[in-house]
Amino acid sequence: MRKSVLLAAVLLGSAVVLGSCGNGEEGSPSSSLSSGVSSSFQEESFSLSIVVEGSGIVRLFKDGKEINQDNFAELVEPGDTVTVEARPGKGETLLSLTMGGEPLPLSGRYHTFVAQEGENLLEARFVLIETDPSDFGFRVKEDGTAEILSYEAPVEVPSPVVIPDEVVSSGESIPVTSLGEGVFRNLAVDSVRIGKSVSSFSGDPFLDAWDLEEILVDEENEAFSSVDGVLFQGDDLARYPIAKPGKEYLVPSGTKNILAHAFEDAGALESVAIPAGVLSVGEESFASARNLREVSFPDGLESIGEMAFSYTSSLEEAILPEGLLSLGEGSFYSTGARKASFPSTLKEIGSRSFYFARSLREIYLAEGLETIGEEAFISTAVSFLSCPASLRRIEKSAFELCSSLISLSLNEGLLSIGDVAFGRANYIASVHLPSTLREVGINPFQGVTTLGREGTFTIEEGNLYLEIKDGVLYTKGEEPSLLVYPYALPATSFSVPEGVASLAQDSFCYQSVLKEVTIPASVTSIHGAFRSMYLEAAGGAAGNALRVNYLGTVAEWASVNLHGSAGEWHEDTLIEGSVVHCSDGDVTVA
């Protein structure tokens, strides 16, 4: 128990004037002096002493002015009422507050006393709040040990809250070996001390522990330790408290891994330096660290987990280090980073890595990269894309909704472009396809509003799988397919070339100029080619209608595969007059 004593201040109000020596008779100077000193001291001795046990703070006020032992006699007179604020220290409660041994009355948050002649002795006693083991909810596991599942915080919360080494179930003491997820969720707990027997977590016990500033560990615990209030599990950083003060943090040298959720929701952090030797950053490890501006990664870091930096809205850039082998799904989901660069050691940018990172304008892809994953850069502000020679695959929707993308350079060596990979990347004016490209998914360029206006598709000589005819992209072979009809081709009518066997799904999707399409009898499947066309033709609802001519017979039309896997073959697109015009008559649209 810490004790501080403010010594009494004794003030004498008026001076005593010494006279000449007398004979001591009544009325003599000597007699007057003697009685004067005794009477004056008794009347004018007026002091304050404060004794505090614990780390709490005691403050005194009168008429809005703060009182202490130095100004007590100046500002207070006997009979005055003095207000006392007694504020417990961290994890403490006020046990007693007395004046001259008598408890002080409480009015709201404050106590009061009436100043008395002589010494006014104020005594405050603060004591630590003890953790009650019965406040914890738990379950008994199959191995006979207990897992803490919840904490019922009392009105006065201990600091630290001590995880008990044992709990009692049916009169039996059960050792506590693990903590469940969200034990301290939304509780006003600023400090937690883990007991010696806890060896594992199931989930994150400190999820949404918004007031948590430190995590302490019993020195006898063999699984966990605490370094400056940060929790470690062996050589791995396990949890940085959400409310720990400080804008910068240097991960200690010797750390091997940053575990899942380690820095999640850490609100004060602006900068984190990760030292050499750290091998992995776990899933959601920095998720929603909203003020994090800067992270320095060491060369040799091997993996960044799923959603690791998701919702880091203040992050300025993501400069990923050489040695990185794995970038998890959604690793920088909805980050605020404006720039990202990738090392030569990274073969694949994981799916949704920078999903809806709307501020991302610059990406730098190194030789060695082979795959850009599904939706990796969807809805970002990337303005240029230069693909390294090593790139082989651009997956589904990788750059969909990238409305700032104006420069696109696809590399020789590229083999595949996935479904809607560049859909509605509205300012791509032309696309040059490499000779190596062999697989094209569902209209990768659907809704690119400038494609076909001034430029369109071109293709490197020697491609064995694809060809361009009048700006339209087809497959080669015995049964060619029309893959992409560019959005901005100016013609109002179009005849599919004889010999084409199929119209690929969404091949005319979002088309806004075309009013009439003529289909040869060689076409045996349509696969939803005319879905979601935005037309200006007369007729139909709001002018949204298309005339379809079929050069085969009504019977041949009946054998055409209209729907494929896409649903209605003309979904959200009306057919003019609700008929298809065949060579021997009309057929009602199905």
If you compare all heavy atoms of [X] against all heavy atoms of [Y], which two are closest, and at what distance to 0.1 Å?
| X | Y | result |
| --- | --- | --- |
| Pro275 | Pro298 | O-CG, 3.2 Å |
| Leu391 | Asn411 | O-ND2, 3.0 Å |
| Glu395 | Ala421 | O-CB, 3.9 Å |
| Val183 | Ile148 | CG2-O, 3.6 Å |
| Thr449 | Asn426 | OG1-O, 3.2 Å |
| Leu369 | Lys347 | CD1-O, 3.4 Å |

Would you give the length of the straight line joining atom [atom1] of [X] to atom [atom2] of [Y], rounded to the nearest 0.5 angstrom?
| X | Y | atom1 | atom2 | answer |
| --- | --- | --- | --- | --- |
| Leu301 | Ile258 | CG | CD1 | 8.0 Å |
| Thr436 | Leu414 | OG1 | CG | 6.0 Å |
| Arg239 | Glu264 | CZ | CD | 6.0 Å |
| Glu294 | Ser296 | CD | OG | 6.5 Å |
| Leu437 | His432 | CG | NE2 | 11.0 Å |
| Thr518 | Asn549 | OG1 | CG | 4.0 Å |

So, [X] and [Y]: side-chain donor and acceptor under 3.5 Å apart, yes or no?
| X | Y | value |
| --- | --- | --- |
| Arg358 | Ser379 | yes |
| Ser435 | Glu412 | yes |
| Thr553 | Ser583 | no |

Donor-acceptor under 3.5 Å ([X] side chain, [Y] main chain):
| X | Y | value |
| --- | --- | --- |
| Ser397 | Glu374 | no |
| Ser493 | Glu516 | no |
| Asp204 | Phe206 | yes |
| Thr573 | Phe530 | yes |
| Thr450 | Ile428 | yes |
| Ser344 | Glu367 | no |
| Asn443 | Asp506 | yes |
| Asp236 | Asn257 | yes |
| Glu306 | Gly328 | no |
| Ser390 | Gly368 | yes |

(request) Decide side-chain contact (heavy atoms from CB on, under 4.5 Å) for Leu327 and Leu320; before the verdict, give the C-alpha distance in whole Å, the side-chain angles of both, and the deciding distance to 0.1 Å. (result) CA-CA 10 Å; Leu327 188 61; Leu320 304 182; 4.0 Å; yes

Answer yes when [X] and [Y] have at least one side-chain N-carboxylate O distance shorter than 4.0 Å, and no when they do not.
| X | Y | answer |
| --- | --- | --- |
| Arg424 | Glu400 | yes |
| Lys396 | Glu375 | no |
| Glu467 | Lys476 | no |
| Arg139 | Glu147 | yes |
| Arg531 | Glu571 | yes |
| Arg352 | Glu329 | yes |
| Asp208 | Arg185 | yes |

(request) Taking the side chain as every heavy atom from C-beta outward, state whether Tyr249 and Leu237 have any pair of such atoms under 4.5 Å apart. (result)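 They are in side-chain contact.
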
(message) Contact between Leu385 and Leu365 at the side-chain level, heavy atoms closer than 4.5 Å - yes or no?
(response)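 When only atoms from C-beta onward are counted, Leu365 and Leu385 do touch, with a gap below 4.5 Å.
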
Relative to the ring of [Y], is the ring of [X] parallel (under 30°), tilted (30 to 60°) or perpendicular (over 60°)?
| X | Y | answer |
| --- | --- | --- |
| Phe377 | Phe399 | parallel |
| Phe286 | Phe309 | parallel |
| Tyr333 | Tyr311 | tilted |
| Phe342 | Phe354 | perpendicular |

(request) Verify side-chain contact (heavy atoms from CB on, under 4.5 Å) between Val484 and Tyr474, making sure each step is shown before the conclusion. (result) CA-CA 7 Å; Val484 180; Tyr474 301 85; over 6 Å; no

(message) Quick check on ring-ring contact (aromatic ring centres under 6.0 Å, His included): which of Phe457, Tyr510, Tyr427 does Phe445 satisfy it with?
(response)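 Only one option passes, and that is Phe457.
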
(message) salt bridge (Lys or Arg N to Asp or Glu O under 4.0 Å) for Glu316 and Arg293? Distances and angles first, verdict last.
(response) CA-CA 6 Å; Glu316 295 176 352; Arg293 295 185 299 102; 3.6 Å; yes

(message) Leu473 vs Tyr485, test: side-chain contact (heavy atoms from CB on, under 4.5 Å). Steps then yes/no.
(response) CA-CA 7 Å; Leu473 179 63; Tyr485 186 93; over 6 Å; no

(message) A quick test of your reading: do over 12 heavy atoms of other residues, nucleotides or ligands sit less than 6.0 Å from CD of Glu362?
(response)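 Counting neighbours around CD of Glu362, more than 12 heavy atoms of other residues, nucleotides or ligands fall under 6.0 Å, so yes.
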
(message) Check this for me: Asp143, atom CG, are more than 12 non-hydrogen atoms of other residues, nucleotides or ligands nearer than 6.0 Å?
(response)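 For Asp143, atom CG is crowded (more than 12 foreign heavy atoms under 6.0 Å).
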
(message) What verdict does the side-chain contact (heavy atoms from CB on, under 4.5 Å) test give for Val281 and Ile274, after you've listed the backbone C-alpha separation in whole Å, the side-chain angles of each residue and the deciding distance to 0.1 Å?
(response) CA-CA 10 Å; Val281 173; Ile274 302 175; 4.2 Å; yes

(request) For the pair Ser383 and Ser404, evaluate side chain to side chain donor-acceptor pair (under 3.5 Å) and give the outcome as yes or no after the intermediate values. (result) CA-CA 5 Å; Ser383 58; Ser404 297; over 6 Å; no

(request) Report the residue from Ser507, Ser502, Ser525 that forms a side chain to side chain donor-acceptor pair (under 3.5 Å) with Ser481. (result)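 For Ser481, the side chain to side chain donor-acceptor pair (under 3.5 Å) check succeeds only for Ser502.
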
